[in-house]
Every structure is written in structure tokens, then in C-alpha cells.
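Taking it in order: structure first as C-alpha cells, then the write-up.
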Amino acid sequence: MLKYDNILIAVDGSREAEWAFHKAIDIAKRNNSKLSIINVIDTRSFASVEAYDRTISQRANDFAQKLLDGYEALALERGVEEVDKIIDYGSPKSIIPKKAVKKTGADLIACGATGLNTVERFIIGSVSEAIVRHAPCDVLVVRTETLPDDFEPVVATEEFMNENK
């Protein structure tokens, strides 16, 4: 029987990422797997923005920490026994399929098909596409078309997102 021992779930605060997170929880519970939750802070745009706002990197880190804390609490509440949180810095397209997989020993990466940065997706391709191309393990890309109309995020709510801008 195929069993996943270490599942890596990439989250960015979008509804789509949270929908993928819920699916990752179900897989982790069925397989009694460790669940590693990662948020990669994309530092490529910081240089130009930090010239005007020196607090941007600290705010991004605070947002990531609160987001991961919320997801960790939800996973533990739903019955996942082992949860790890990872905040990393750089390009999510290279960090997730290479560095994070090595660090966690992931044998499955789960991610949403789309996320918060839709402009970048049109210009240079999506993070999920890069993960599929470069990951050394199985990848579950959760399609947004399957997101039910009545799905309400628990962690990445509108209030949470507005509060952490």
C-alpha cells in the first residue's frame, strides 16, 4: 500500500491554499503522516518596497507566523498528530520543491492551483506549476474549480487578511 509519511503543504493566505490545506489534513490523518506547513516570504520585491517602508519584512514575517499558527491549531484540532511550521525566504518556486522537500523529507507536496499572486502567474508562471516541474516527490495540485461555493476559510478569513495588511 502506498503511504505518505511526510506531507508538505504550501500556504499563502488565499482561499485556494486553505482548501488545499483541508485536503492535506485528510491525507495526513488517513496516512498517520507528519504535516509540514510552509509559507515562503517572497523577498524578491522587498528591495524596492523597503526603500519606502522599512517595516515590510517584519510585517510579512508576523503575517506568516500568525497564518502558520492558525493552520497548526486547525490541523491539531482535526486530529493530525505531528505538525511542523516553516517560514522561509526567497522564491517559493525554488524553495518549496527543492529546499523544503529536502528539509522535511516530504514524499508529497500539496498546494492550491492558484494563490494570492495572480499577476505573477500570468507573467512568469504559477508556483504550483514550478512545484510540479521540479519536485522530486508526488505533488497534489488542488484545483480551484473543485472549491465548493459554500467553503468558508477558518484561518485565512477576510478579517484575518484585513487585520494583517
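What you see below is based on every heavy atom in this structure, not just the backbone, and it leaves out hydrogens, waters and symmetry mates.
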Using a 4.5 Å cut-off on heavy atoms from C-beta on, say whether the side chain of [Y] contacts that of [X].
X      : Y      : result
Arg59  : Phe63  : no
Val11  : Leu68  : yes
Cys137 : Ile109 : yes
Ile25  : Tyr71  : no
Glu18  : Val155 : yes
Leu108 : Val139 : no
Ser33  : Asp5   : no
Leu35  : Ile27  : no

Under 3.5 Å, side-chain donor or acceptor atoms of residues 74-86 against the rest of the protein: list the pairs with distances, not counting sequence neighbours.
from: Arg78; atom 1: NH1; to: His22; atom 2: ND1; distance (Å): 3.0
from: Lys85; atom 1: NZ; to: Asp69; atom 2: OD1; distance (Å): 2.5
from: Lys85; atom 1: NZ; to: Glu72; atom 2: OE1; distance (Å): 3.2

Nearest non-hydrogen partners of [X] and [Y], listed with the distance:
X      : Y     : answer
Pro136 : Pro97 : CD-O, 3.3 Å
Val40  : Ser91 : CG1-C, 4.1 Å
Ala64  : Ile87 : CB-CD1, 3.9 Å

Straight-line distance of [X] [atom1] to [Y] [atom2], nearest 0.5 Å:
X      : Y     : atom1 : atom2 : answer
Arg30  : Lys3  : CZ    : NZ    : 12.0 Å
Cys111 : Asp12 : SG    : CG    : 10.0 Å
Asp62  : Leu67 : CG    : CG    : 12.5 Å
Arg133 : Lys93 : CZ    : NZ    : 10.0 Å
Lys29  : Ile7  : NZ    : CD1   : 12.0 Å
Ser128 : Ile96 : OG    : CD1   : 9.5 Å

> Judged by atom type as modelled, is there a donor-acceptor pair below 3.5 Å linking the side chain of Arg15 to the main-chain atoms of Phe151?
Replying inline: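 Such a contact is found between Arg15 side chain and Phe151 backbone.
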
> Is the backbone of Asp107 close enough, under 3.5 Å, to the side chain of Asn6 for a donor and an acceptor to pair up by distance?
Replying inline: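 No, the answer is negative, given that no donor and acceptor are paired below the 3.5 Å cut-off.
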
> Could you go step by step and tell me if Tyr89 and Asn61 meet the side chain to side chain donor-acceptor pair (under 3.5 Å) rule?
Replying inline: CA-CA 9 Å; Tyr89 306 86; Asn61 195 64; 2.4 Å; yes

>> We want to know whether Asp138 and Tyr4 form a side-chain donor-acceptor pair, criterion being a heavy-atom distance below 3.5 angstrom.
In response: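 Tyr4 and Asp138 do have a side-chain donor-acceptor pair below 3.5 Å.
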
>> Assess the residue pair Asp88 and Lys99 against the criterion (side chain to side chain contact (heavy atoms under 4.5 Å, CB included)); give the C-alpha distance rounded to whole Å, side-chain angles, the decisive distance to 0.1 Å, and a yes or no.
In response: CA-CA 10 Å; Asp88 212 329; Lys99 183 179 171 186; 3.2 Å; yes

